[in-house]
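Atoms within each ligand, like the ligands themselves, are counted from 1 in listed order. From a predicted model like this one, the values you see are computed outputs, not experimental measurements. We use all heavy atoms of the structure for the numbers below, so side chains are in, but hydrogens, waters and symmetry mates are not.
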Amino acid sequence: MYSDLNDFITDLDRRKLLARIGEPVSPDLEIAAVTDRACKSGGGGPALLFENPAGFSMPVASNVFGSLERMCLALGVSTLDDLGREIEQLMTPPMPKGIMDALKLMPLVNRLSDLMPKTVSDAPCQEIVQRDGTLDDLPILTCWPQDGGRFITLPLVFTKDPETGMRNIGTYRMQVFDGRTTGMHWQRHKGGAQHHRIAERLGKRLDVAVALSPEPVLTYCATAPMPEGLDELLLGGFLARRRIEMVKCVTVDLEVPASAHIVLEGYVEPGERRREGPFGDHTGFYSQPDDYPVFHLTCVTRRKKPTYLTTIVGIPPMEDYYLGLASERIFLPLIRKTVPEIVDMHFPAEGIFHNLVIISIDKRYPGHARKIMHACWGLGQLMFSKAIVIVDKDVNVQDVSEVAWIVGTHVDPLRDVQMTKGPVDDLDDAADLPAYGGKMGIDATRKWASEGYTRTWPARIATSEAAGRKAAEIWSRIKGR
Ligand SMILES: Cc1cc2nc3c(=O)[nH]c(=O)nc-3n(C[C@H](O)[C@H](O)[C@H](O)COP(=O)(O)O)c2cc1C
Ligand SMILES: [Mn+2]
């Protein structure tokens with residue numbers, strides 16, 4: 001497991017999964033345009049290392065997580081489903097039947113004891129301490145022509161609940177206002193916003209630390225939809241299979257990953273807001289400008305030779321699809337702890353996570369599909385789901401064209417569509433009001449007599465087993481030619 005972003009980049013290079021760009025490329029639109037081409041080149045394209053961002057001496061890395069293969073490498077697994085299975089095991093350890101069985105559980109127990117982060121005193125991220133530091137030598141991108149400015153797109157934003165001291169980490173973009181101030185785009189439903197809400201109620205300044213370019217596992221963890229109050233670093237320790245090393249900040253009462261290349265220390269004042277945006281967003285459209293809290297920089301700490309890790313969002317597919325895919329696989333076993341009838345789930349790239357969620361279930365009773373919809377609308381960030389499609393467990397939710405076929409054939413729109421209303425993602429521009437709008441569940445399961453369907457449900461077409469075997473034989477010969 002890579003304990004440093006540089007190790008990841010070096011390994012990607014060795015595996016021919018990285019393109020180095022030696023010529024000068026401008027952080028003003030050009031790096032984003034090249035990154036967009038990579039993301040659209042099929043399978044996510046290569047990771048990119050811009051060695052000479054025009055006007056800056058710090059290299060820029062982008063799209064490093066932007067393929068299934070690189071996402072798996074970053075998390076140290078050969079398939080994301082392996083990770084899902086490990087978590088499943090962790091959640092339901094088999095009862096040991098004897099001493100040998102119990103010994104087999106030891107690796108699992110060890111893995112749990114390694115979850116807690118540990119504090120170190122000497123950290124690469126503090127090789128240089130700049131108490132009057134600015135953002136001026138960071139090659140921060142302008143991503144799209146109509147963006148309100150330059151945005152730090154892949155920051156790990158650390159805060160503590162002012163009352164309980166519980167930590168949160170989230171990835172929230174930061175628009176550069178000047179060398180010492182940025183926007184802080186934590187949306188109202190997110191962990192950072194909740195800490196800020198409490199700080200404002202207490203009339204207190206909220207310390208904030210922003211880690212850039214940390215060990216790869218942590219970049220993922222900051223995007224993960226961890227339940228509120230659960231420390232993202234526990235997930236980090238689990239994924240890294242070792243305790244994450246943290247170091248105390250210099251000017252604020254927070255800790256940051258020792259492995260980060262750059263750390264921005266600072267605070268957010270109660271009551272202060274400033275216009276942020278527009279920004280070419282995950283949706284593929286520009287988000288409207290809106291008022292958000294302001295981050296004030298107190299100190300920059302960094303390595304001597306940092307790499308600036310960034311990403312761009314825009315029309316899908318983009319790098320964030322693969323970060324989301326990791327969450328899809330990692331959180332499925334956790335969701336199944338509360339909703340065990342869920343067999344599989346998928347967030348297609350075109351649905352940008354929340355616009356389209358496809359779930360297969362082991363249907364057990366009438367109305368079951370609707371129960372699942374409501375469970376999702378009440379579960380963590382799944383609450384944002386705008387359209388939820390529920391299918392029977394024999395449908396492969398990872399195959400969007402199979403799902404489209406099943407929806408078309410299995411759904412009677414008047415009977416099978418469940419409309420409701422609730423919180424929607426802040427990025428949803430279709431709703432009349434910000435963050436509040438409509439939701440639709442589509443029950444595409446086979447309908448039962450107990451649900452009022454008294455006709456005979458048609459059987460899915462498939463050939464006989466014998467003819468199928470014969471066809472397979474002949475086909476392998478035809479294909480082998
Ligand atoms: C590249 C990228 C950029 C993101 N930008 C934002 C953002 O600006 N604001 C926001 O609230 N969430 C943003 N997110 C989503 C959050 O990181 C995500 O919802 C995360 O789970 C929040 O963590 P939290 O629950 O601890 O707040 C972004 C995600 C990614 C992958
Ligand atoms: Mn959180």
Side-chain angles (χ1 to χ4, degrees), residues 32 35-36 39 61-66 71 74 141 143 147-148 151-161 164 166-176 182-198 208 210-213 216 218-236 276-284 286-290 292-293 295 309-314 316-328 330-331 334 347 349 352-354 379-385 423-428 434-435:
T35 304
D36 188 34
C39 294
S62 73
N63 201 33
V64 299
F65 298 97
M71 199 63 236
L141 308 189
C143 299
D147 281 3
F151 286 82
I152 302 173
T153 53
L154 207 49
L156 281 69
V157 177
F158 287 70
T159 52
K160 272 201 264 181
D161 181 319
T164 65
M166 279 296 299
R167 170 177 27 227
N168 189 68
I169 318 175
T171 297
Y172 318 119
R173 71 170 186 242
M174 297 161 68
Q175 179 177 355
V176 176
T182 76
M184 183 44 81
H185 191 262
W186 46 48
Q187 293 155 352
R188 68 194 89 204
H189 310 104
K190 307 298 174 72
Q194 175 59 11
H195 290 179
H196 186 228
R197 203 174 278 128
I198 296 168
V208 179
V210 178
L212 304 176
S213 319
L218 295 185
T219 302
Y220 162 68
C221 290
T223 71
M226 287 293 276
E228 189 176 311
L230 262 187
D231 191 342
E232 279 78 7
L233 288 184
L234 296 182
L235 179 62
E276 195 263 12
F279 179 66
D281 226 316
H282 301 269
T283 55
Y286 285 99
S287 287
Q288 303 290 324
D290 200 358
Y292 272 88
F295 172 77
L309 178 70
T310 189
T311 188
I312 63 161
V313 297
M318 283 290 194
E319 181 176 10
D320 56 346
Y321 169 66
Y322 296 96
L323 290 163
L325 207 56
S327 287
E328 179 188 300
I330 289 172
F331 284 83
L334 302 174
F347 307 87
I352 342 252
F353 312 119
H354 312 305
L379 203 61
Q381 290 189 39
L382 272 180
M383 71 168 155
F384 299 131
S385 306
V424 298
D425 192 281
D426 259 296
L427 298 186
D428 189 282

Q288: which residues meet the side chain to side chain donor-acceptor pair (under 3.5 Å) condition with it, sequence neighbours left out?
none

Are any of the N/O atoms in K190 less than 3.5 Å from those in ligand 1?
yes

Proximity of F384 and H189 rings by center, below 6.0 Å
yes

Give me the residue, atom name and distance of the protein heavy atom closest to atom 31 (C) of ligand 1.
T223 CG2, 3.7 Å

Taking N or O atoms only and a 3.5 Å limit, does I169 qualify as a polar contact for ligand 1?
yes

Sorted by chain and number, protein N/O/S atoms nearer to the Mn ion (ligand 2) than 2.8 Å are N168 OD1, E232 OE2

Verify whether one side chain among N168 and H195 offers a donor that lies under 3.5 Å from an acceptor in the other.
no

G183 backbone acceptor or donor facing R173 side chain under 3.5 Å:
no

Is A224 in polar range of ligand 1, meaning some N or O pair under 3.5 Å apart?
yes

Closest to atom 10 (C) of ligand 1 among H185, R173, H354 (heavy-atom distance)
H185

For ligand 1, which atoms sit closer than 4.0 Å to a heavy atom of G191?
24 (P), 27 (O)

So which bit of A222 gets within less than 4.0 Å of ligand 1, heavy atoms only: side chain, backbone, both or neither?
backbone

